[in-house]
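To start, the structure under review is shown below, and the notes come after it.
Numbers for residues simply follow the sequence, beginning at 1.
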Amino acid sequence: MTEMKLLVVGANGGLGRQVVTHSLERGHQVTALVRRGAERAETPGLRIVEGAVGDDLAAVRRAVDGQDAIVGALGNPLWLKARTGSAVMARATANLVAAMHLHQVRRIAMPLAWGSGASRQHTAWPLRALTRLLIRREPVPYCSRSTSRQCWAAPVSPPG
């Protein structure tokens, strides 16, 4: 297996911690972009960059520089609070894509919510209805809307 330099965004959350742990176990160099990095102990192969991905473009640019790929593991606890989560995620994605273009990073993987994408058909109807009400549209890979065709995006849905 080829060692990669991976940026994990949202590395302090449940999914992000797992991605960081598994990536380090497989010998990858990991940069973790987190809002607060003080609670992480120093770990070989792990570099911490502090910053809010949706609000601190300079931190995002520092974190993306030199990476082979980005794994988005952002949680979205705001999606039920005044429906501001989609705006936060849009700013975060825009900052990531801008930094990717700047540093010529062409690969990003971001999970979709349960009940969207391919998992929708396997979801109970109450959750499907709730998802449709709150999300209101099917996610579209951000890179497909950008002007550059040199960005590879993999929206990853939960298994069905």
Side-chain angles (χ1 to χ4, degrees), residues 1-79 81 83-114 116-119 135 137-159:
M1 173 177 28
T2 304
E3 178 185 299
M4 293 184 72
K5 293 180 180 177
L6 300 173
L7 169 60
V8 179
V9 181
N12 276 345
L15 175 60
R17 286 181 186 272
Q18 290 181 43
V19 171
V20 168
T21 299
H22 291 290
S23 298
L24 290 171
E25 287 172 354
R26 286 163 180 74
H28 300 299
Q29 295 295 310
V30 177
T31 298
L33 179 60
V34 297
R35 282 180 284 157
R36 292 173 299 281
E39 64 252 18
R40 269 211 195 261
E42 193 167 316
T43 305
L46 178 64
R47 177 175 75 113
I48 303 291
V49 175
E50 288 191 27
V53 67
D55 300 320
D56 189 351
L57 183 55
V60 175
R61 286 178 175 165
R62 281 193 314 275
V64 170
D65 189 19
Q67 303 302 321
D68 296 314
I70 298 169
V71 178
L74 293 171
N76 197 357
L78 301 175
W79 72 291
K81 293 182 179 178
R83 296 187 185 160
T84 59
S86 60
V88 171
M89 297 301 279
R91 285 195 316 268
T93 304
N95 284 348
L96 285 168
V97 171
M100 289 172 68
H101 285 296
L102 177 69
H103 295 296
Q104 299 178 7
V105 176
R106 294 185 170 89
R107 292 177 286 194
I108 184 170
M110 298 179 77
L112 298 174
W114 179 259
S116 64
S119 71
I135 295 176
R137 64 182 178 276
E138 192 66 26
V140 176
Y142 192 88
C143 294
S144 68
R145 295 185 301 202
S146 75
T147 56
S148 172
R149 295 183 184 232
Q150 297 188 11
C151 179
W152 181 83
V156 182
S157 297

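- The backbone N or O of Asp55 sits nowhere less than 3.5 Å from a side-chain atom of Arg91 that would complete a donor-acceptor pair.
- Not one N or O on the side chain of His103 forms a donor-acceptor pair closer than 3.5 Å with the backbone of Gly66.
- In this structure, Val60 and Ala99 approach most closely via the heavy-atom pair CG1-CB, 3.8 Å.
- Residues that satisfy the side-chain hydrogen bond (donor to acceptor under 3.5 Å, both in side chains) test with Gln29, not counting sequence neighbours, are absent from this structure.
- At least one side-chain heavy atom of Leu74 sits under 4.5 Å from a side-chain heavy atom of Val53.
- When all heavy atoms of Gly51 and Asp56 are compared, the closest pair comes out as CA-OD2, 3.9 Å.
- Taking both residues in full, the closest heavy atoms of Ala63 and Leu7 are given as CB-CD1, 3.8 Å, listed atom of the first, atom of the second, then distance.
- A donor-acceptor pair under 3.5 Å is absent between the side-chain atoms of Asp68 and the main chain of Leu6, judged by distance alone.
- Between Met110 and Thr93, some side-chain heavy-atom pair lies under the 4.5 Å cut-off.
- Nearest heavy atom pair, residue Ala11 against residue Val20, reads CB-CG2, 3.7 Å.
- Contact check for Lys5 versus Thr31: no side-chain heavy atoms found under the 4.5 Å cut-off.
- Interatomic distance, Thr21 OG1 to Leu46 CG, rounded to the nearest 0.5 Å: 9.0 Å.
- At distances below 3.5 Å, not a single donor-acceptor pair connects side-chain atoms of Arg61 with backbone N or O atoms of Leu57.
- A distance of 7.0 Å separates CD1 in Ile48 from CG in Asn12, rounded to the nearest 0.5 Å.
- Atom CG of Leu96 and atom CD1 of Ile70 lie 5.0 Å apart (nearest 0.5 Å).
- Proximity of a side-chain donor or acceptor of Glu50 to a complementary backbone N or O of Val34 within less than 3.5 Å is not detected.
- Taking every heavy atom of both residues into account, Met100 and Arg106 meet most closely at CE-C, 4.1 Å.
- Note that CG of Leu15 is 12.0 Å distant from CZ of Arg17, once rounded to the nearest 0.5 Å.
- Counting heavy atoms from C-beta outward, Arg47 and Val30 have side chains that stay 4.5 Å or more apart.
- Closest non-hydrogen pair, Pro44 versus Leu24, comes out as O-CD2, 3.9 Å.
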